Amino acid sequence: MQRQALAWRAMGIRVAFVPTMGCLHAGHLSLVQRAQREVGAKGRVVVSIYVNPTQFGPAEDFSRYPRPLSRDLALCREAGVDVVFTPTDAAMYAGQAEGSYSTYVVEERLSQSMEGRARPTHFRGVTTIVTKLFNIVQPSVAVFGAKDWQQAAIVRRMVADLNLPVRMLVAPTLREPDGLAMSSRNRYLDAAQRTQATVLWHSIQLARKRAQSAPVRAPVLKAAVARLIATQSQAKLDYVEFFDGDTLEPAPRVRRGTHMALAVFVGKTRLIDNAQL
Ligand code: AMP
């Protein structure tokens, strides 16, 4: 992959890159379209499919994360993706188990809250793998989804802090008709859980409605969201936060334009969502 990318670079061919963990859905494919628009017919679009072990905690779903590779490859072919990069763990973390892999990239501020607090080693895994993938794929543009808002903010900060020569684009969250954000993890849900999972979107709508009329104190709105989540028998709130969408600084008062993010367990499946209110 890196040899190909360096050859393209020498020929002046621009690469747009979409990193994923596979099990592709329409949300991923919308990032591919955005990537294609960015570099045009003369450029190349690279999608990586890699379930990165270093961004999963020990009790998380790494081993059972869905890996429908041939279906993913067909979707990429249909979408006109030029190259799908599917490295093995051995290629990415040679000798990790034996202790001969020991270099990580760590963002120290934006990764302390929300997902970073709930999943302590998660963002270290993300920033490390994204750096490695950028070095391999040599993209001029990378497209991330707003679905993982904190992740996009952290990668953006890393790109700026480390002077990585990559332009960061963030594309909107694609949703199912009932508002549930598309996610590879939605396929873990049974029918009843799938119905209850719309409570994340309803929470966002509730907060949006409350914030639109007048500013609300964050704890008041958090309590209202917690009550709504509690109406669903299989849903358990992990966190809900209100913050500035750029800096991720907590917002004591929630108003129009404030950003909201939440994580909810539905059964054993942990779902996240976010939106600007
Ligand atoms: P993942 O495969 O879950 O690691 O996601 C790969 C990329 O797709 C990330 O940049 C995600 O933010 C993005 N993504 C995931 N779900 C959606 C969605 N529903 N709409 C838009 N982008 C998404």
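Keep in mind the model is a prediction, meaning the values are calculated, not measured. The first residue of the sequence shown is numbered 1, and numbering continues consecutively from there. Every number for a ligand or one of its atoms is a count from 1 in the order of the listing.
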A.B. asks: Is a salt bridge present between Arg270 and Glu115, judged by a nitrogen-to-oxygen distance below 4.0 Å?
C.D. replies: yes
A.B. asks: So, taking the atom named CD1 in Ile13 and the one named CZ in Arg44, what distance separates them when rounded to the nearest 0.5 Å?
C.D. replies: 4.0 Å
A.B. asks: Under the salt bridge (charged side-chain N to carboxylate O under 4.0 Å, His left out) rule, what pairs show up with a residue in residues 122-146, not counting sequence neighbours?
C.D. replies: none
A.B. asks: Could you tell me if any non-hydrogen atom of Pro172 lies under 4.0 Å from any atom of ligand 1?
C.D. replies: yes
A.B. asks: Do Asn274 side-chain atoms and Gln276 backbone N/O form a donor-acceptor pair below 3.5 Å?
C.D. replies: no
A.B. asks: Out of all atoms in ligand 1, which are within 4.0 Å of some heavy atom of Phe144? Include the element for each.
C.D. replies: 10 (O)
A.B. asks: At under 4.0 Å between heavy atoms, is it the side chain or the backbone of Val18 that contacts ligand 1, or both, or neither?
C.D. replies: neither
A.B. asks: Give yes or no for whether the N/O distance cutoff of 3.5 Å, strictly under, is met between Leu31 and ligand 1.
C.D. replies: no
A.B. asks: So, Trp149 side chain and Gly245 main chain: donor-acceptor pair closer than 3.5 Å or not?
C.D. replies: yes
A.B. asks: Hey, which atoms in ligand 1 end up nearer than 4.0 Å to a heavy atom of Pro19?
C.D. replies: 6 (C), 7 (C)
A.B. asks: Does His25 come within less than 4.0 Å of ligand 1, judged by its heavy atoms?
C.D. replies: yes
A.B. asks: Numbering the atoms of ligand 1 from 1, which are under 4.0 Å from a heavy atom of Met182?
C.D. replies: 16 (N), 17 (C), 18 (C), 19 (N)
A.B. asks: Restricting to ring-ring contact (aromatic ring centres under 6.0 Å, His included), what partner residues turn up for Tyr104, sequence neighbours left out?
C.D. replies: Tyr101
A.B. asks: Report yes or no: does Ala26 have a heavy atom closer than 4.0 Å to ligand 1?
C.D. replies: no
